[in-house]
Amino acid sequence: MRAVDIIAKKRDRQALTTEEIEFFIQGLTRDEVPDYQVAAWAMAVLLNGMDPRETADLTMAMVRSGQTLNLDAVAPIVVDKHSTGGVGDKTTLAVVPMVAAAGLPVAKMSGRGLGFSGGTLDKLESIPGYDVSLDIDRFLDVVRRAGVVVAGQTADLAPADGRLYALRDVTATVPSIPLIASSIMSKKIASGAHAMVLDVKVGRGAFMTTLEDARELALRMVDIGQRVGRRVTAVLSGMDQPLGLAVGNALEVMEAIHTLQGKGPADFYEHCLLIGGEMLLLAGLAEDPEAARTTLADAVASGAALERFRAWIVAQGGDPRVTEDEGLFPRALVVHEVPAPRSGVIAALDAREVGETSVMLGAGRARKGDPVDLAVGIVLHAKIGDRLAAGQPLLAIHAQNADDARAAAERLLAAYRWSDADLEPPPLVYDVLRG
Ligand code: URA
C-alpha cells in the first residue's frame, strides 16, 4: 500500500477501506507519511468527505495510535462530557460536582482555551494551588477519593489526532465534519469514556455557526458512537450570546461557584441541569429527563454539589476557601462599569465579539503556549431580551489598566443591537439527539 494511492483515491471521491485508513494513520503516527502527504489527504477529505463507516474507521485508527485509559475500576459506567467550545462556557466546572453529588463519578481530561473560546484548565488554574498536571496514578487516585478529577491530558492519547490537527490548523482543513467528529471522538474514547454527552454549540460564538452544520456534526458523532459501542447524546445548544454572565477565567469560576450555591444566572443553571441530566440518563441513574433534573436541583439545594466541588478542589491541591472568599482569586486592577447607551431591549449581543474582546484584555491566547491573564474579563449585567433604561448598568470590564478597559468598552458597545419592541431571547437548546 502507498500513501499516494490513498490520497488519489480520496481525490477521486472514492471511499477508503478500513485497511487503507489504518495504514495511513499508522504511517502518520510513525512519521513515515510526510507532512505534505498528510496535508494533501486532509484537503481531499475536506473537499470530498467521508462516509459514516470511513469516519468511524478513522476515529478508531486514531484511538489505536496511542495509549488508552481504562476507567473500568472507577465506575461501572463512566460518562464524559465535551463542549465544542464557546464563550462563557464554564459548564464543566458546575456540572461535574453536580453529577458527582448525584452518584456519578467523573474523570475528565480537559483542554486550554484557544482563540475566542475559553478552556477549562485555564479557568481552574485561577484557583490558588489547583494542580492540572496529574500523572495517571494520581488522576485515578483523585477520582477514587473525591468522585471528580479534571486535569490536562496525561497519557499519550490519540497522538495521530495531535499531528493531524496541527497540520489541519495551518492548511485550512479544520472545518471538515468527518475530521472534526473523528478528532473529538478519538480523544474521548481513548480517555476511557463508556458514554458521553457532547454539547455542540451553534451560533456566532461557536465553531459551527449554522444549525444545519451543528446538527450534521452532532449526528456524525452519535453515529460514530453507535458504530464503536459507545452511547452518545448530543445537545445542540445556542451560542449567539455568551452563556451565563461571566467571561474570563477567574470570573467564570466565581460564576460556577455561585451556581453551585443556588444563585447563578438562570440560563447557565438551566444548561447545567440539561447537560448533567443527560449524563445521569446515560449512566442509568435517572428514569427520565424530569427525574434527572430534580436529582441535580436537589444536589444544589442541599449543598451536596458545593461540598463535592470543595472536596474535588482539595484533592487537586487547590484552596477550597475560594467558595467563601472571592478575594483569593486573581483580581484585575480596574473594574470599569459601562452603562446602557440608550433605552430599549437588547436584540443581539455578539458572543464572538465578547470572546475576542476578552482575549484582547488578556484572558485568552492567540497562539498555543501564550500566557493568559486569569483575572481579566467581562461581566454582563443584562442579556438578549432584557429591557434597560439609558444609563442603567450594562456590563463591567475587568482590565489591568484604564486604556484596555476603554478600548474594550468601545468594542463591546458595538457588539450590541437594540430594539424598541420586546423580544424573546434566542433558544438555549435547539435539540437533544440521543443515540
Ligand atoms: N476540536 C477538536 O478536538 N478537533 C477538531 O478537529 C475541532 C475541534
Side-chain angles (χ1 to χ4, degrees), residues 21 24-25 28-29 38-39 41-47 49-50 54-63 65-66 68-69 80-87 89 91-92 108-122 150 152-193 196-203 205-210 213-225 228 230 232 234-237 239 352 355 364-365 367-368:
I21 291 171
F24 198 86
I25 295 301
L28 175 164
T29 311
V38 178
W41 176 85
M43 187 56 87
V45 172
L46 176 120
L47 295 174
M50 273 188 154
E54 289 177 283
T55 313
D57 283 344
L58 175 60
T59 305
M60 292 314 285
M62 294 203 289
V63 170
S65 72
T68 52
L69 211 59
D80 204 344
K81 85 155 267 285
H82 177 82
S83 160
T84 57
V87 178
D89 185 5
T91 309
T92 293
K108 183 161 174 50
M109 294 191 180
S110 283
R112 297 199 177 271
L114 191 60
F116 63 87
S117 165
T120 302
L121 294 185
D122 297 325
V150 181
Q153 190 171 309
T154 43
D156 197 14
L157 305 178
D161 173 64
R163 169 137 190 255
L164 182 55
Y165 191 84
L167 280 170
R168 286 168 57 210
D169 205 19
V170 290
T171 55
T173 50
V174 169
S176 148
I177 301 254
L179 293 180
I180 297 173
S182 55
S183 167
I184 293 173
M185 291 295 287
S186 64
K187 283 175 286 203
K188 292 282 121 187
I189 293 170
S191 65
M196 61 206 89
V197 176
L198 302 169
D199 188 4
V200 180
K201 301 288 188 194
V202 52
F207 226 168
M208 298 283 143
T209 51
T210 69
D213 284 350
R215 188 182 295 279
E216 203 183 323
L217 175 63
L219 284 170
R220 190 59 71 98
M221 293 193 287
V222 171
D223 179 83
I224 294 172
V228 306
R230 303 295 192 288
V232 178
V235 175
L236 295 174
S237 64
M239 191 33 83
R352 183 175 290 244
R365 46 175 78 77
R367 271 177 316 215
K368 215 170 162 176

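Every number for a ligand or one of its atoms is a count from 1 in the order of the listing.
Taking every non-hydrogen atom of I184 and a distance limit under 4.0 Å, the qualifying atoms of ligand 1 come out as 1 (N), 2 (C), 3 (O). Less than 4.0 angstrom separates some heavy atom of Y165 from each of these atoms of ligand 1: 4 (N), 5 (C), 6 (O), 7 (C).
Among all non-hydrogen protein atoms, the one lying nearest atom 7 (C) of ligand 1 is F207 CE1, 3.2 Å. Of the protein's non-hydrogen atoms, K187 NZ, 2.5 Å is the one closest to atom 3 (O) of ligand 1. Atom 4 (N) of ligand 1 has as its closest protein heavy atom S183 OG, 2.6 Å.
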**Message:** The test is side chain to side chain donor-acceptor pair (under 3.5 Å); show your working for R163 and T29 and say whether it passes.
**Reply:** CA-CA 8 Å; R163 169 137 190 255; T29 311; over 6 Å; no
* Asked: Where do S186 and D161 land on the side chain to side chain donor-acceptor pair (under 3.5 Å) test, with the steps shown first?
  -> CA-CA 8 Å; S186 64; D161 173 64; 4.7 Å; no
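A salt bridge links K108 to D80: one of the charged nitrogens lies within less than 4.0 Å of a carboxylate oxygen. Ion pairing between D213 and R215 fails under the 4.0 Å rule for side-chain N and carboxylate O.
The closest side-chain heavy-atom distance from L28 to I25 is below 4.5 Å.
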